[in-house]
There are 2 protein chains.
Amino acid sequence: MENLRERKKQRTREALLRAALELFTTRGYERTTVDDVVAAVDVSQRTFFRYFANKEEAALAVVELAVAHFVDAVRARPPHEAPMEALRQAVVEGWDSLNDVIESVVPVELYLRMYQVIESTPVLLAAHLRRSMEIEEALARVIAEREGLDVEADLRPRLVVAVFSGVMRVTERQWSTGADFGLDAMRSLTVSYLEQVGPALTGDWRTN
Amino acid sequence: MENLRERKKQRTREALLRAALELFTTRGYERTTVDDVVAAVDVSQRTFFRYFANKEEAALAVVELAVAHFVDAVRARPPHEAPMEALRQAVVEGWDSLNDVIESVVPVELYLRMYQVIESTPVLLAAHLRRSMEIEEALARVIAEREGLDVEADLRPRLVVAVFSGVMRVTERQWSTGADFGLDAMRSLTVSYLEQVGPALTGDWRTN
DNA sequence: TTGTCAATTGTCAGTGGCTGTCATTAGCCT
DNA sequence: AGGCTAATGACAGCCACTGACAATTGACAA
């Protein structure tokens, strides 16, 4: 952010993002045209598509931030932790700092509302899931490196990550459709869901 | 298929599907326009959109068939089996009959090629993943009913299904990018991946 | 068989996402 | 100040998709 030029670009991007999020969360994603967004910022439509590859990208930009934060948290975990435990801890502890990370870009409240829009808009949910798959691949490589394994040769890294992500997705969904929709609620939900994974996989559901 | 009218509709739909699949698998999904497809069948573009909600739906139609077959297989599992085992058996055994199910609509070879197109086309992969989520919800309800539980109250049904689906997705990906791309290869891959889930979740990766 | 009704299809016009191209503007640097 | 380059705008065009209405075609009874 040395140049005036750079600062201006930054400001344009942020303005577009804010306007998009505001419109998406109020009017809905589908019922908001790109023209609506650019009109609010007073730039040409072409400019929008120079900052965002497509409409989806603008909608998912904030989530991307949170995701990157989580991946970093996993990388920062002490190497002696077992893979599953490292993932679990990264989520639980990463939640504390997440608030600040998001707030530095947009109001957390806007982030939360956008999350609900994503979960309830088919095309956005689809894009979100695909992106999650890419993250899974990245996480698998992190885990593999921690354990000194080859991702291509050993199935386990991708498997733990897949299982973990599966649980997280169920949690997310429950969270986004539930009553208590805040960051704290998400953390406690995460913990209780992860606790139930073991029991759910064992054969005897009747004994407890 | 009583009426001539009904038969004609059926034929039009099949013709569109075949043409679409053929073009998607040879020219690629993105580089095939709907106009290309309708030109091959000689109907209006509007007609295409009367049979398929969108371009994606045509691309995913065959996979949908396989998915439905699998869900039925789960429903048919004996009630005394543990949830995870029922899911596992449904996949493994369902594979035998899958060949016939698919062949009754399109050549299996076309199905397999289409599968690779889906996995390698971002927008199709995204749509496929979203659809998988809906299937997961359906499966969770099946499992819950088998066990006499309330899906909303007990977390475990959704959790097993999520874990299982996560593993299946990893398997699919490996399969679609691997060398041996046939139905038999998929079954053996599935088995070996599911065997590794247990080991992957335990903490001690070094002891075996 | 024919006439009427309903379902299927075609045509057309239009919207919205997205891209390539080229001219214009605006910050940068000597 | 003036030339260079990056950012933007303006415009034309492609493609997916939709609504509306007219034309066609099978169904079915008189």
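Within every chain, numbering begins at 1; the chains are lettered A, B, ... in the order of the sequence lines, protein sequences first and strands thereafter.
Phosphate proximity of C:dA26 to A:K8: absent, as no side-chain N or O sits under 4.0 Å from OP1 or OP2. The shortest distance between the side-chain N/O atoms of A:Y51 and the OP1/OP2 oxygens of D:dA7 is not below 4.0 Å. Between A:T12 and D:dT8, a side-chain N or O to OP1/OP2 separation shorter than 4.0 Å is present. Note on A:T47: every side-chain N or O is 4.0 Å or more away from OP1 and OP2 of D:dA7. Contact annotation: A:K9 reaches the phosphate of D:dA7 (side-chain N/O to OP1 or OP2, under 4.0 Å).
In this structure, B:D36 atom CG and D:dA16 atom P are separated by 8 Å, rounded to whole Å. Taking atom CZ on A:F49 and atom C1' on D:dG9, their separation rounds to 15 Å, with Å as the unit. In this structure, the CD atom of B:E6 is 9 Å from the P atom of D:dA27, given to the nearest Å. We find that CZ of A:F48 is positioned 8 Å from P of C:dC18, with the value rounded to whole Å. Atom pair A:R46:CZ and C:dC18:P shows a separation of 11 Å (rounding to whole Å applied). Separating the CD atom of B:Q10 from the P atom of C:dT9 is a distance of 12 Å, rounded to the nearest angstrom. As a whole-Å value, the separation of A:E30 CD from C:dG17 C1' is 12 Å.
Around CG of B:D96, the count of heavy atoms belonging to other residues, nucleotides or ligands within 6.0 Å exceeds 12. In B:D150, the CG atom is crowded: over 12 heavy atoms of neighbouring residues, nucleotides or ligands sit closer than 6.0 Å.
When the nucleotides C:dT19, D:dA20, D:dC15 are ranked by their closest atom to the side chain of B:T33, D:dC15 comes out on top. Minimum atom distance to the side chain of B:R5 is reached by D:dA27, of the listed C:dG16, D:dG9, D:dA27.
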Solution key, residues 178-185 of chain A side-chain donor-acceptor pairs under 3.5 Å, sequence neighbours excluded:
none

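Partner A:M114 forms a side chain to side chain contact (heavy atoms under 4.5 Å, CB included) with one of A:L112, A:L110, A:I118 and no other, that one being A:I118.
Between A:R50 and B:N54, the residue anchored nearer the 5' end of DNA chain D, judged by the nucleotide with its closest heavy atom, is A:R50.
Of all non-hydrogen atoms in B:L87 and B:F70, the two that sit nearest each other are O-CE1, 3.9 Å.
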